[in-house]
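Computed over heavy atoms, backbone and side chain alike; hydrogens, waters and symmetry mates excluded. If you're wondering where the values come from, they're calculated on a predicted model, not measured in any experiment.
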Amino acid sequence: MPENVAKLSFWGVRGSTPTVDRSTWRYGGNTPCLQLELPDGTQFILDCGTGLRMLGKRWAAAAGDKLIEAHIFVTHYHWDHIQGIPFFAPLYSTRNKFHFYSFRSEFLGHDSLKRVFEAQMAYPYFPVDLSAMSAGREFTEVAGSEAFEVRGTRIATCWLNHPQGCLGYRFETPAGTIVYATDNEPGKPELDRNLLKLAEGADIFINDAQYTPEQLATHRGWGHSTWLEGVRVAKAAGVRNLVLFHHDPDSSDKVVDGILREARDKFENTWAAAEGMVLTLADRKMDAAIPSVHEGLRREAHFRARVMGFTQDGQAFEEETVIGNLSLHGALIYLDHSPRLQSELQVRIENQGSNGDAKHLDLRGYVVRIEPGTKENRVGVGIVFTE
């Protein structure tokens, strides 16, 4: 096991506004929040959207009477990146301590982030005021083109092209380099160069992909990018892994699936951010997993099935197997081949009719979990059905 391991967990990946549509549950509807755990256990939080609430619940339940301390990096002050702050449970305990970093807004002036706190919890917008938050809080103002160090991790910043300002962050950890650059619209040469420099050689590059190229043409000035621009930067900057982020609230899971397919055709190591996704970085090598899956009503089953898809190295495969665990949403199947996480499988389920006739049901599945070597040296593959 490598000594230097960093873990990046996604708690919110949706842009602009949270969603609760059934059509978006697979990638998730919470607004931006990521958790970065450094090799020495230091915790970073990237943005404070509605996903922050679930992270806070997890930490509060696990901590007991222990101190919770984290460094929180806010990209900018639009609602979808700060609206989880009042609902972050650890902020209401005196034993905890948090260090906040963001820029001085020309509209808010000195102590911009502190004033954002106060405004969110001012009457008549919230039932309790800021005095209810008893945790220790420190605020540090940073700006684009700055670099500083936190617990052995070098952090660099740059300005991005977004209305009222936005920061991109580069985290150079002992395990590898992670760049978080959401809410950026391409088209301003100086700021485009900023992003290219920030992303240079990154092991994980998280980039705004809210729009398709066609949508961007009609949304100029809104401050967002496309999967195609992300691919362009990833190639030019020598990025190892591209993560598409800040999904549009009107983009269903199927739409994001299609965006991911198009992006992978041009840049193979592309991933679509999803709630529950964990990216593990060790010695600059990344592993992806999506451990939390909506299970639904699950039953033991025994259906013969034929599965078609592509392996990790892009080779087409087709094989017969048995589905032994089936729910209304998905299934766990065992295969000789190892498909790629977030790839599509075609599944034909065969069943013997009451009159002896063979019947089949054709479905499309989306790979959300891979468990190597779990049964007779076969790969356990968790899928959800998309149609």
Side-chain angles (χ1 to χ4, degrees), residues 9-20 28-36 42-143 150 157 160 162-167 169 180 182-183 223 246 249 275:
S9 303
F10 291 77
W11 294 91
V13 302
R14 192 69 55 173
S16 299
T17 186
T19 66
V20 292
N30 280 301
T31 54
C33 179
L34 287 73
Q35 171 195 1
L36 174 58
T42 299
Q43 297 284 354
F44 287 179
I45 296 174
L46 318 183
D47 272 330
C48 299
T50 56
L52 184 67
R53 183 179 71 90
M54 295 306 297
L55 172 58
K57 289 182 66 176
R58 173 73 64 84
W59 277 1
D65 294 330
K66 296 180 181 178
L67 164 73
I68 298 174
E69 183 174 8
H71 299 263
I72 302 177
F73 299 85
V74 177
T75 58
H76 63 300
Y77 303 121
H78 289 165
W79 283 119
D80 52 329
H81 293 256
I82 63 169
Q83 61 197 155
I85 290 174
F87 304 97
F88 186 53
L91 277 170
Y92 294 85
S93 174
T94 56
R95 63 176 172 268
N96 299 330
K97 187 172 184 179
F98 298 96
H99 311 264
F100 289 86
Y101 306 82
S102 197
F103 63 93
R104 179 182 294 191
S105 166
E106 63 178 295
F107 303 97
L108 297 173
H110 183 65
D111 287 337
S112 292
L113 187 52
K114 184 178 179 181
R115 293 177 66 179
V116 165
F117 265 72
E118 294 169 346
Q120 277 203 98
M121 302 185 70
Y123 300 133
Y125 307 115
F126 204 72
V128 297
D129 62 24
L130 196 62
S131 64
M133 285 187 173
S134 54
R137 302 186 300 276
E138 293 180 353
F139 299 92
T140 301
E141 290 187 344
V142 296
V150 175
T157 66
L160 302 177
H162 194 67
Q164 294 95 53
C166 183
L167 286 177
Y169 292 100
Y180 179 56
T182 185
D183 292 64
H246 210 272
E275 282 184 35

Does the [X] side chain pair with the main chain of [Y], one donor and one acceptor, at a distance under 3.5 Å?
X: D129; Y: S131; answer: yes
X: E141; Y: D111; answer: yes
X: N96; Y: P90; answer: yes
X: T94; Y: S134; answer: no
X: Y92; Y: F87; answer: no
X: T31; Y: D80; answer: yes
X: Q120; Y: I82; answer: yes

- Message: Checking ring pair (Phe, Tyr, Trp, His ring centres under 6.0 Å) between Y169 and each of F44, F103, Y180, F73, which is the one that passes?
- Response: F73
- Task: Assess whether ring-ring contact (aromatic ring centres under 6.0 Å, His included) is satisfied between F88 and F98, documenting all intermediate values.
- Result: CA-CA 11 Å; F88 186 53; F98 298 96; 5.4 Å; yes
- Message: Would T75 and H162 count as a side-chain contact (heavy atoms from CB on, under 4.5 Å) here? Give the steps.
- Response: CA-CA 10 Å; T75 58; H162 194 67; over 6 Å; no
What is the minimum heavy-atom distance between [X] and [Y], and which atoms define it?
X: G28; Y: T19; result: O-OG1, 4.5 Å
X: R104; Y: G109; result: CG-O, 3.2 Å
X: P163; Y: G223; result: CD-CA, 3.7 Å
X: G15; Y: P249; result: O-CD, 3.3 Å
X: G56; Y: A89; result: O-CB, 4.4 Å

Decide yes or no for [X] and [Y]: does some side-chain heavy atom of the first lie under 4.5 Å from some side-chain heavy atom of the second?
X: P32; Y: T182; answer: no
X: H76; Y: L160; answer: no
X: L34; Y: I45; answer: no
X: R115; Y: H110; answer: no
X: R137; Y: L91; answer: yes
X: T42; Y: H71; answer: yes

Could you grab the distance from atom [atom1] of [X] to atom [atom2] of [Y], nearest 0.5 Å is fine?
X: S9; Y: M54; atom1: OG; atom2: CE; result: 13.0 Å
X: S105; Y: Y77; atom1: OG; atom2: OH; result: 6.5 Å
X: F10; Y: L46; atom1: CZ; atom2: CG; result: 9.0 Å
X: L52; Y: I72; atom1: CG; atom2: CD1; result: 6.5 Å
X: L167; Y: Y101; atom1: CG; atom2: OH; result: 13.5 Å

- Residues in side-chain hydrogen bond (donor to acceptor under 3.5 Å, both in side chains) with T157, at least two apart? none
- Verdict with supporting geometry, H78 and Q164, side chain to side chain donor-acceptor pair (under 3.5 Å): CA-CA 9 Å; H78 289 165; Q164 294 95 53; 2.6 Å; yes
- Taking 4.0 angstrom as the limit, do R14 and E275 come out as a salt bridge? no
- Query: Would you say R58 has more than 12 foreign heavy atoms packed within less than 6.0 Å of its CZ?
  - Reply: no
- Query: Can you name the residues that form a ring-ring contact (aromatic ring centres under 6.0 Å, His included) with F100, not counting sequence neighbours?
  - Reply: F117, F139
- Message: Any donor-acceptor pair under 3.5 Å linking the side-chain atoms of H81 with those of D183?
- Response: yes
